Amino acid sequence: MKIFGIPIFPEQASTFAKDVDALYFFIFAVSAFFALAVAVSVIYFGIRYHKTHDGEIGARIEGNLSLELLWSVIPTVIAMVMFGWGASVFYHLRRPPAEAMHIYAVGKQWMWKFQHLEGQREINELHIPAGQPVKVTISSEDVLHSLFFPAFRTKIDAIPGRYTELWFEAQTPGSYHIFCTEYCGTNHSGMIGTVTVLEPAQYQVWLQGGGVEGTLAQRGAKLFNDLTCSTCHLDSGQGRGPSLKNIVGKTVELQNGSLVMVDEAYLRESILNSQAKIVKGFQPMMPTFQGLVSEENLVALIEHVKSLSPDATTAAPATGAPSAAVSTQKPAAAEKK
Ligand code: CUA
């Protein structure tokens with residue numbers, strides 16, 4: 001967007017960019033109107049009612065009910081419009097459509113790493129198709145970062161130790177900025193990149209190019225063997241660890257009787273902090289992989305486990321806090337006692 005020929009705003013390159021901008025300009029216009037109204041009134045009243053001679057005493061005013069009602073009701077209505085409108089835009093921004101394609105991002109001092117399910121890995125570059133919703137699951141290898149796509153009007157923090165996510169649907173092919181918008185150390189300002197939006201056919205061509213060693217899930221399967229996870233997590237369920245077949249999206253019972261939904265956050269926690277939530281009937285014998293598995297390998301492992309649950313169309317969304325998925329409800333069987 002240009003004002004007097006000067007570019008003020010980034011391009012509106014996603015489906016909800018217009019909605020975000022409309023809300024922004026509405027709030028801006030209301031704020032500007034009242035700021036101006038107050039400033040003009042202060043000046044006008046200052047001149048109109050200034051003290052003209054010594055000993056002058058102002059009129060005593062006891063109150064004015066209709067005026068007070070007016071300046072309570074009107075701002076309340078305006079604030080509620082902002083709230084309702086803002087909530088609806090926010091709700092849309094925070095809920096990826098189920099059919100969205102999935103990409104993983106890792107923030108690291110000072111770069112953004114992206115991994116495609118098909119196996120492609122990129123640094124400070126991201127290739128996506130136009131006209132298709134894209135969900136990005138984000139983690140951080142070290143400190144707080146924030147992944148920002150200005151042209152798509154969306155961003156979210158990369159938080160060490162948990163997954164966050166955002167989504168967008170890019171509309172117009174082209175190249176757009178990627179920024180880090182959370183101060184993360186010396187080269188924070190250099191933690192930038194480019195997102196390239198391609199026509200879907202071009203994107204397919206791009207996916208074919210570049211020597212890729214298998215999909216993300218296949219890389220995870222190799223890690224699963226290399227880290228000897230496969231010696232305990234037998235598909236038969238007879239291993240020392242639970243079988244990982246068809247568990248994603250399901251609810252499992254833990255040792256203490258609470259229930260947990262198997263999603264990305266729970267899988268992540270179970271790899272890094274294996275003693276935290278042990279499935280009922282199993283011993284706490286799994287070693288911790290904290291510090292041994294990078295964030296990138298972690299998502300590969302998670303994708304491998306997800307590939308063992310082919311019926312779970314989408315894993316439950318990353319909910320934020322690692323423990324957010326835990327239900328405090330006791331299972332029905334326990335309640336009957
Ligand atoms: Cu990463 Cu600022």
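When a residue number appears, it is its place in the shown sequence, counting from 1. Just follow the structure's listing: the first ligand is 1, and inside any ligand the first atom is 1. Note: hydrogens, waters and symmetry copies are ignored here, and every other heavy atom, side chains too, is used. What you see is a predicted model; the values in this text were computed from it and never measured.
Nearest N/O/S atom of H145 with respect to atom 1 (Cu) of ligand 1 is recorded as ND1. Atom 2 (Cu) of ligand 1 sits nearest to atom ND1 when only the N, O or S atoms of H188 are considered. The nearest N/O/S atom of E182 to atom 2 (Cu) of ligand 1 is O.
A side-chain donor from one of H102 and T137 sits under 3.5 Å from a side-chain acceptor of the other. A donor-acceptor pair shorter than 3.5 Å cannot be found between the side chains of N273 and R268.
Counting only distance, with no hydrogens or angles, the side chain of H188 and the backbone of E182 share a donor-acceptor pair below 3.5 Å.
Between F16 and H92, the angle of the ring planes goes over 60°, which puts this pair in the perpendicular group of the 30/60° scheme.
Our summary of the site lists the angle at atom 1 (Cu) of ligand 1 between SD of M191 and SG of C180 as 110°, to the nearest 10 degrees.
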